[in-house]
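See structure below.
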Number of protein chains: 2
Amino acid sequence: MLSREQIIDTAVELLDAGGEGALTVRAMTERLATGSGAIYYHVGTRDELLDTATETVVTAALATKPGGASVTPEEEIRAVALALFDAIAEHQWLATRLTLQIIRNPIGPVTVGIFERIGRQVGALGVPQAAWFDATATLVHYILGAVSQNARVDGDTSDVEAGVDREEFLGAASRAWQELDPDDYPFMHAIVDQMREHDDREQFLTGIALVLDGITNLR
Amino acid sequence: MLSREQIIDTAVELLDAGGEGALTVRAMTERLATGSGAIYYHVGTRDELLDTATETVVTAALATKPGGASVTPEEEIRAVALALFDAIAEHQWLATRLTLQIIRNPIGPVTVGIFERIGRQVGALGVPQAAWFDATATLVHYILGAVSQNARVDGDTSDVEAGVDREEFLGAASRAWQELDPDDYPFMHAIVDQMREHDDREQFLTGIALVLDGITNLR
DNA sequence: ACCTGAACACCGTTCAAGT
DNA sequence: ACCTGAACACCGTTCAAGT
């Protein structure tokens with residue numbers, strides 16, 4: 001018998017392999033050797049399936065160990081942030097789907113789960129309660145913004161090739177920046193070297209440290 | 001004769017009125033009283049039209065006055081951030097399309113335009129040059145993350161009704177949060193009142209101030 | 001309760017043909 | 001150069017019918 005879980009797993013596979021465009025009802029029925037009605041019976045609309053897949057993947061990412069007793073709030077926040085960073089690296093379709101879910105269903109399990117997880121640590125950081133909501137919202141907005149914008153479309157290359165792709169990409173980008181009119185784009189010219197040598201993950205951690213610095217100043 | 005500009009304007013109208021799903025080639029040909037080939041001739045694919053529309057709207061938003069001579073870097077950054085905030089409030093489809101464009105074309109005019117505009121002010125803030133790229137990336141990630149996640153889907157109501165909608169929405173959200181298990185979601189329960197009374201725009205400015213605080217600490 | 005699959009209305013895109 | 005619009009392959013969704 002066809003199960004809801006099977007359908008969701010298959011959907012994630014199709015999404016990972018070919019992006020949102022690859023998730024068609026017909027592709028699903030072929031892989032699952034079933035009729036289209038069966039899918040609607042178990043998970044509803046294509047759009048609902050997309051939401052469910054998002055929920056499943058994000059929940060799994062957040063389920064990483066709650067951290068030992070001796071973990072600082074900063075470390076815990078970094079762990080959650082990196083879990084989301086890695087989830088989007090693995091499932092690039094999440095970048096837009098996560099945003100869509102937060103906009104359309106801000107009281108759903110995805111939004112609430114992330115907020116609760118980050119918010120507790122903001123409290124543990126010693127931020128006065130009156131600032132909890134603002135501080136947590138800022139952190140969550142930053143984390144989700146950064147991970148979404150860092151999702152790279154690089155096809156299904158091996159790990160070794162991915163390194164090459166990355167260098168090629170950075171080279172192309174820095175060349176494009178070099179070609180900009182220096183009078184119109186002085187800043188881009190000034191940072192072209194930093195851009196070529198930067199690491200997304202490191203920059204993400206630097207950004208978190210920076211926001212955390214602003215947050216702890218609220219004490 | 002049909003012009004590229006006409007096509008883009010019509011596309012933005014359809015997108016504003018009904019979201020991404022409302023932008024169909026057939027709806028375009030009806031409004032413009034033309035054949036489908038004409039659209040492909042002028043702007044290419046539907047996807048390319050979507051990118052062009054995004055570019056047009058973002059460029060217009062960034063074109064707000066460059067600021068007088070006596071404007072501080074902080075004020076300038078706030079002005080750019082609020083311009084993007086308002087652009088997404090007016091064109092909600094931007095939330096996902098902007099992310100998509102940044103991912104797929106990080107060297108395009110949209111990404112470069114935002115980066116240059118914000119980056120200059122980061123320099124003017126006195127941040128050491130070695131930290132320019134990291135600081136600017138953090139700020140841009142935060143701004144785009146926050147504005148995207150604040151895009152509300154509220155249909156085509158008048159300004160007065162929008163206020164009612166907002167209260168209804170906040171009420172529904174706070175009620176949903178109240179119903180969460182307090183043992184599993186202590187943080188959500190603690191901030192439910194702040195959430196009901198907060199203002200998105202104010203919270204956004206608070207977030208920017210917080211990130212700016214972290215950035216100026218780099219001096 | 002669970003599943004099939006034909007049928008339907010609607011897509012984006014192409015391209016020979018016209019002016 | 002600019003535009004038409006029929007034709008094509010492909011969508012998501014429904015629903016009577018089966019087990």
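Below, chain A is the first sequence line, B the second, and so on; all start at residue 1.
Using bins of under 30°, 30° to 60° and over 60° for the plane-to-plane angle, the ring pair B/F85/B/F204 lands in the parallel bin. The aromatic rings of A/Y142 and B/H141 sit tilted relative to each other, their planes meeting at an angle between 30° and 60°.
Between the CZ atom of B/R46 and the P atom of C/dC10 there is a distance of 17 Å, given to the nearest Å. Summarising the geometry, the separation between CD1 on A/I39 and P on D/dT13 is reported as 11 Å, rounded to the nearest angstrom.
Heavy-atom contacts from other residues, nucleotides or ligands closer than 6.0 Å to CD of A/E167 number 12 or fewer.
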* Structure fact -> Here DNA chain D, pairs taken as Watson-Crick or G-U under 3.5 Å and shown with ( ), [ ] when crossing and | when to another strand, reads ||.|||||...|||||.||
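Ion pairing of B/R97 with B/D47 is present here, as a side-chain N (NZ or NE/NH1/NH2) and a carboxylate O approach within less than 4.0 Å. Ionic pairing of A/E76 and A/R120 is not present here: no N-O contact between side-chain nitrogen and carboxylate oxygen is shorter than 4.0 angstrom. B/D9 and B/R31 are not joined by a salt bridge, as no carboxylate oxygen comes within less than 4.0 angstrom of a charged side-chain nitrogen.
Residues A/R104 and A/D51 meet the side-chain proximity criterion, which asks for heavy atoms closer than 4.5 Å. In this structure, B/H42 and B/Q6 have side chains that are not in contact, with every pair of non-hydrogen atoms separated by 4.5 Å or more. With a 4.5 Å cut-off on side-chain heavy atoms, B/T56 and B/E5 do not count as touching. Within the 4.5 Å cutoff, no side-chain heavy atoms of B/I88 are placed close to those of B/W93.
Here the side chain of A/S148 pairs no donor or acceptor atom with the backbone of A/G145 at under 3.5 angstrom.
Remark: A/M1, A/L2 in residues 1-9 of chain A come within less than 4.0 Å of DNA chain C through at least one heavy atom. Near DNA chain C, meaning a heavy atom under 4.0 Å away, there are no residues from residues 47-57 of chain B. Interface residues of residues 18-33 of chain B facing DNA chain C, ordered by number: B/L23, B/T24, B/V25, B/R26; criterion, heavy-atom separation under 4.0 Å.
The aromatic ring centres of B/W132 and A/F187 sit less than 6.0 Å apart.
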* Could you go step by step and tell me if B/I103 and A/Q149 meet the side chain to side chain contact (heavy atoms under 4.5 Å, CB included) rule? -> CA-CA 6 Å; B/I103 294 174; A/Q149 289 155 58; 5.7 Å; no
* To do: Before giving the answer on side chain to side chain contact (heavy atoms under 4.5 Å, CB included), spell out for A/I8 and A/E55 the whole-Å C-alpha distance, their side-chain angles and the decisive distance to 0.1 Å.
  => CA-CA 10 Å; A/I8 296 168; A/E55 203 179 304; over 6 Å; no
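Using a 4.0 Å cut-off, some side-chain N or O of B/Y41 falls inside it from OP1 or OP2 of D/dC2.
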* Reading nucleotides 14-19 of chain C from the 5' end, what letters show protein touch, with B for base, S for backbone sugar-phosphate only, - for no heavy atom under 4.0 Å? -> BB----
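Applying the salt bridge (Lys or Arg N to Asp or Glu O under 4.0 Å) test to residues at least two apart or on different chains, the pairs with a partner in residues 168-195 of chain A are A/D193-A/R196.
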